[in-house]
Amino acid sequence: MPELPEVETIRRYLNASLPHWQVQAVVHLDERMVKHSPVGPEEIRDRLTGATFTRVERMGKFLLLSMSTNGALLLHLGMSGRLVLEDSVVPRQRHTHLVLDLGSRELRLVDPRRFGRIAWATRPYSQSLHLGVDPLSRRFSGQVLYQLLAGRTTAIKTALLNQQLVAGIGNIYADEALYAARIHPARVAGHLTREEVDRLARAIRKVLRVSLAHRGTSFSDYVDALGHPGANQYYLNVYGREQLACRRCKNLIQREVLGGRSSHFCPRCQPQLPPAVTTMVEQGARHAEI
DNA sequence: ACCACATCCTGTTAGC
DNA sequence: TGCTAACAGGATGTGG
């Protein structure tokens, strides 16, 4: 599933490839994929036809393909979405919902599960998306995250998936970051100590940067704009590793459903109780031994 | 304002 | 072997 590193990998390639290319024709646009767009499918067709790409940006997990005609094609890949730029002679895959003819090449959106989105956006792009801070930006820090989590009673795992707080983290990297920071996913977000949140903020950045260096995680559907898988799936520590040995302590990785999403964690490296309570329990245990 | 849960969708897998 | 049911989860809408 495309999260920040996967979308950024696609963005980098498209931003290097698309500018100055003109949309000759909108060959195909599935109206059912147009969601929460200020303009309808027909208007999107009109605005794209004849327009030239200027640059490709990312906001959270959204891609914004800016056009010469003052506006941008807004795309979200959902769960199973693929955005590929390929030679027009390459046969189109099943579930292709958008085809832009660029001359010798086509930009194609393929999305079997249809969780993705096609929309039009006008500047300032950020207004309608309600996105929180980008975890790879300079604005993101332990202090900022601590303030965002203050007073929140939801599980930290659920909070990390809230795009209005931090934009770009999905189920894989939420689990990986919590493991790296040694924080149990069910801990109450607003109860984390400042030290824990500092650790978590650093873990989020590290996990995302490492994945980006591996060109993303290809767990099920993800491929980049050239159709190539990433390699970060070989470096995951908890996601998809239920009942496998923790790489740190050899305990078995557990899976629990939190907020309707599966969470993977090491029960030993990520204790359920906050640090102070854990310390008291340990002290209590010592007293008990005496 | 915040939170939990249902909803959309279809390929894959588990179970009978 | 073949069918059905459960499962996966992005963002969003609803109701509490």
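Since the model is a prediction, treat every value here as computed from it, not as a measurement. In what follows, every chain begins at residue 1, and chains take the letters A, B, ... in the order their sequences are listed.
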Mind checking what makes ring-ring contact (aromatic ring centres under 6.0 Å, His included) contact with [X], not counting sequence neighbours?
X: A:Phe265; result: A:His184
X: A:Phe62; result: A:His76
X: A:His97; result: none

Using a heavy-atom cut-off of under 4.0 Å over every strand shown, decide if [X] touches base, sugar-phosphate, or nothing.
X: A:Tyr173; answer: nothing
X: A:Lys35; answer: nothing
X: A:Ser262; answer: sugar-phosphate

Annotated protein contacts, base or backbone, on nucleotides 3-12 of chain B with a non-hydrogen cut-off under 4.0 Å, one of B, S, - each
SS---BBBS-

Name the residue closer to the 5' end of DNA chain C, choosing between A:His264 and A:His36 according to the nucleotide with the nearest heavy atom.
A:His264

Please figure out whether A:Met79 or A:Gln164 has its closest DNA chain C nucleotide nearer the 5' end.
A:Met79

When the rotation axes relating C1' atoms of four end pairs to the next four are compared across the helix from B:dC2-C:dG16 to B:dC16-C:dG2, five pairs an end, they differ to 10° by 50°

Output yes when A:Arg12 and A:Glu8 qualify as a salt bridge under the 4.0 Å nitrogen-oxygen rule, no when they do not.
yes

Holding to salt bridge (charged side-chain N to carboxylate O under 4.0 Å, His left out), I want the full list of residues that pass it with A:Arg113, two or more places apart in sequence or in another chain.
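If we apply the salt bridge (charged side-chain N to carboxylate O under 4.0 Å, His left out) test to A:Arg113, skipping adjacent residues, the hits are A:Asp221.
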
Excluding sequence neighbours, so at least two apart, what forms salt bridge (charged side-chain N to carboxylate O under 4.0 Å, His left out) with A:Arg82?
none

Hydrogens and angles aside, do A:Tyr222 and A:Gln233 bring a side-chain donor and acceptor to less than 3.5 Å of each other?
no

What are the bounds, 5' to 3', of the part of DNA chain C that sits under 4.0 Å from heavy atoms of chain A?
C:dA8 to C:dG13

Who pairs with A:Tyr125 by side-chain hydrogen bond (donor to acceptor under 3.5 Å, both in side chains), at least two apart in sequence or on another chain?
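Checked A:Tyr125 against side-chain hydrogen bond (donor to acceptor under 3.5 Å, both in side chains); matches are A:Ser66.
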
Using the test side-chain hydrogen bond (donor to acceptor under 3.5 Å, both in side chains), find all partners of A:Gln147 that sit at least two apart in sequence or belong to another chain.
none

Can you run down the salt bridge (charged side-chain N to carboxylate O under 4.0 Å, His left out) pairs that involve residues 202-215 of chain A, sequence neighbours left out, and say none if there aren't any?
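Checked against salt bridge (charged side-chain N to carboxylate O under 4.0 Å, His left out) - neighbours excluded - the pairs reaching residues 202-215 of chain A are A:Arg215-A:Asp224.
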
Rounded interatomic separation in angstrom, taking CG from A:Asp221 and P from B:dT13:
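Rounded to whole Å, this separation is 11 Å.
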
Through direct or indirect side-chain contacts below 4.5 angstrom among Ile, Leu, Val, Met, Phe, Trp and Tyr, which residues connect to A:Val27?
A:Val99

